[in-house]
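Residue numbers begin at 1 in each chain, while the letters A, B, ... track the order of the sequences.
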There are 2 protein chains.
Amino acid sequence: MEGALRDAGVRITRQRRVLLRVLAEAEDHPDANELHRRAHALDPGLSLATVYRTLSVLEEAGVIDRHAFEGKPARFETSDRPHHDHLIDLETGAVIEFRSEKIERLQAEIAAELGYDIVHHRLELYGRRRKGKAGGNTPR
Amino acid sequence: MEGALRDAGVRITRQRRVLLRVLAEAEDHPDANELHRRAHALDPGLSLATVYRTLSVLEEAGVIDRHAFEGKPARFETSDRPHHDHLIDLETGAVIEFRSEKIERLQAEIAAELGYDIVHHRLELYGRRRKGKAGGNTPR
DNA sequence: CTTCTTGTTGCAAATAGTTCTCAACTGCAT
DNA sequence: ATGCAGTTGAGAACTATTTGCAACAAGAAG
Ligand SMILES: [Mn+2]
Ligand SMILES: [Mn+2]
Ligand SMILES: [Zn+2]
Ligand SMILES: [Zn+2]
């Protein structure tokens, strides 16, 4: 992963290495502040400004994705996994991932009909746990 | 429309009447600043703070929708027309509306499978005009 | 290994968009 | 006409993020 960056002409500094690691180990969708806090453990002195700058660099290099959910500050995640969209639990703030081949396809069709090629999109569902009987988050 | 607001316990002030009118006449998706500029014509002295406050009130009353497109400031539109989503032209910034019953349905299904009820969602396509041969924005 | 060039960093100050504080006002129920 | 809770204008405050600048360090060159 560092190789890919180096090839893209991105210098590998101590702070970038740390952030890459923090991002790689993250299982959630941390925001800049949280990333700064986590990185702080491995490298005190790494500034928040650098976190922001590095996130922009990594985003442009295509190794991370930035999500701006309703209101809240931007959140990040590595883009090594396949594309997916998000469902946000309005009560707990939990972020649940999902992927719908059908929706992806429909989006492309719609854009095409309008004479456009999709560069990227944003699909976010905001909801609350269904109180009713069935359904349910099938535990793995 | 004012009646509905009054019933919701919202006082009808001169500035709110102006903004409601500006919003009703808008055919695009203006942001707070633009709304302020337009309202200024009908009522100089109407402050930007009031524009923001009124927009929040109207949003909560459910008479307008707020859209936060990539990066740019929030944009608004009356919610009297049926629900739709947006395609943003990355080059011109143009906002094109569309509606897909299928996608709406799929979203509900996905949420249901995850054990959720959708409160609202956000679907935005960001793209560029297709250079290729066919397709195309059928002019009306 | 030393040097050199240029990208990178930390800090603080700057932005942009939006919200809040507070005293002066006003819609509107009585 | 009165009274008061809700609303407004002006500006300060805020939040998230960006930027200017001088010190610093990656890594190509020698
Ligand atoms: Mn994700
Ligand atoms: Mn619209
Ligand atoms: Zn998607
Ligand atoms: Zn929709």
Student: Say you draw a straight line from CG of A:Asp85 to CD1 of A:Ile103; how long is it, rounded to the nearest 0.5 Å?
Tutor: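 Rounded to the nearest 0.5 Å, the CG-CD1 separation comes out at 7.5 Å.
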Student: Begin from the C-alpha positions of B:Leu106 and A:Leu106 and carry the test side-chain contact (heavy atoms from CB on, under 4.5 Å) through to its verdict.
Tutor: CA-CA 10 Å; B:Leu106 285 168; A:Leu106 284 167; 3.5 Å; yes
Student: Counting only heavy atoms and a strict 4.0 angstrom limit, can you tell me which residues of residues 31-38 of chain A come near DNA chain D?
Tutor: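 Per residue number, the list is empty: none.
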Student: Given side chains that start at C-beta, do those of B:Val95 and B:Arg75 come closer than 4.5 Å, heavy atoms only?
Tutor: yes
Student: Using a strict cut-off of less than 4.0 Å between a Lys/Arg side-chain nitrogen and an Asp/Glu carboxylate oxygen, indicate whether A:Arg21 and A:Glu25 qualify as a salt bridge.
Tutor: yes
Student: On DNA chain C, which is the earliest and which the latest nucleotide, 5' to 3', with an atom closer than 4.0 Å to a heavy atom of chain B?
Tutor: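 So the contact region on DNA chain C extends C:dG17 to C:dC28.
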Student: For the pair B:Leu58 and B:Leu20, evaluate side-chain contact (heavy atoms from CB on, under 4.5 Å) and give the outcome as yes or no after the intermediate values.
Tutor: CA-CA 9 Å; B:Leu58 298 182; B:Leu20 277 172; 3.9 Å; yes
Student: In plain terms, say whether A:Arg99 and A:Glu104 are close enough for a salt bridge, that is, a side-chain N and a carboxylate O under 4.0 Å apart.
Tutor: no
Student: Return the angle between end axes of the helix from C:dC1-D:dG30 to C:dT30-D:dA1, with five pairs used per end and rounding to 10°.
Tutor: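 Rounded value for the end-axis angle: 30°.
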Student: Mind listing the residues from residues 42-50 of chain A sitting with a heavy atom below 4.0 Å of DNA chain D? Number order is fine.
Tutor: A:Ala49
Student: In whole Å, I'd like the distance from the CD atom of A:Glu60 to the P atom of D:dT18.
Tutor: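 Rounded to the whole Å, the gap is 10 Å.
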Student: Please determine whether side-chain contact (heavy atoms from CB on, under 4.5 Å) holds for the pair B:Asp43 and B:Leu19, giving the CA-CA distance in whole Å, both sets of side-chain angles, and the decisive distance to 0.1 Å.
Tutor: CA-CA 10 Å; B:Asp43 180 349; B:Leu19 274 172; over 6 Å; no
Student: I'd like to know if B:Arg53 reaches the base of D:dG9 with its side chain such that a donor and an acceptor end up less than 3.5 angstrom apart.
Tutor: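 Looking at the base of D:dG9, it does pair with a donor or acceptor on the side chain of B:Arg53 (distance under 3.5 Å).
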Student: What is the distance from CD of A:Glu70 to P of D:dA16, rounded to the nearest Å?
Tutor: 15 Å
Student: Check the pair A:His121, A:His83 against ring-ring contact (aromatic ring centres under 6.0 Å, His included), reporting the backbone distance first and the verdict last.
Tutor: CA-CA 11 Å; A:His121 66 271; A:His83 167 79; 4.8 Å; yes
Student: Under the side-chain contact (heavy atoms from CB on, under 4.5 Å) rule, what do B:Arg129 and A:Tyr116 come out as? Steps first, then yes or no, please.
Tutor: CA-CA 4 Å; B:Arg129 254 225 167 66; A:Tyr116 279 82; 3.6 Å; yes
Student: Starting at atom OH of A:Tyr52, determine the distance to atom P of D:dT19, rounded to an integer number of angstrom.
Tutor: 13 Å
Student: Taking distance alone, no hydrogens or angles, what donor-acceptor pairs closer than 3.5 Å link side-chain atoms of residues 65-72 of chain A to residues at least two apart or in another chain?
Tutor:
unit_1: A:Arg66; atom_1: NE; unit_2: A:Glu59; atom_2: OE1; d: 2.9
unit_1: A:Arg66; atom_1: NE; unit_2: A:Glu59; atom_2: OE2; d: 3.4
unit_1: A:Arg66; atom_1: NH2; unit_2: A:Glu59; atom_2: OE1; d: 3.0
unit_1: A:His67; atom_1: NE2; unit_2: A:Glu77; atom_2: OE2; d: 2.6
unit_1: A:Glu70; atom_1: OE2; unit_2: B:His120; atom_2: NE2; d: 2.6

Student: How close do B:Ala39 and B:Leu46 get, counting heavy atoms only, and between which atoms?
Tutor: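 Scanning both residues, the minimum pair turns out to be CB-CD1, 4.1 Å.
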Student: If the sugar-phosphate is the primed atoms plus P, OP1 and OP2 and the base is the rest, what is the B/S/- string for nucleotides 23-30 of chain D, using protein heavy atoms under 4.0 Å?
Tutor: ---BS---
Student: Taking atom CZ of B:Arg122 as the centre, does the number of heavy atoms from other residues, nucleotides or ligands within less than 6.0 Å exceed 12?
Tutor: yes
Student: With no hydrogens and no angle check, just 3.5 Å: does a side-chain donor-acceptor pair link B:Glu34 and B:His29?
Tutor: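 B:His29 and B:Glu34 do not have a side-chain donor-acceptor pair below 3.5 Å.
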Student: Looking at B:Arg128 and A:Asp117, is there a salt bridge between them, counting it only when a charged N and a carboxylate O are closer than 4.0 Å?
Tutor: no
Student: Answer yes when B:Asp31 and B:Arg38 have at least one side-chain N-carboxylate O distance shorter than 4.0 Å, and no when they do not.
Tutor: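 Salt bridge: no.
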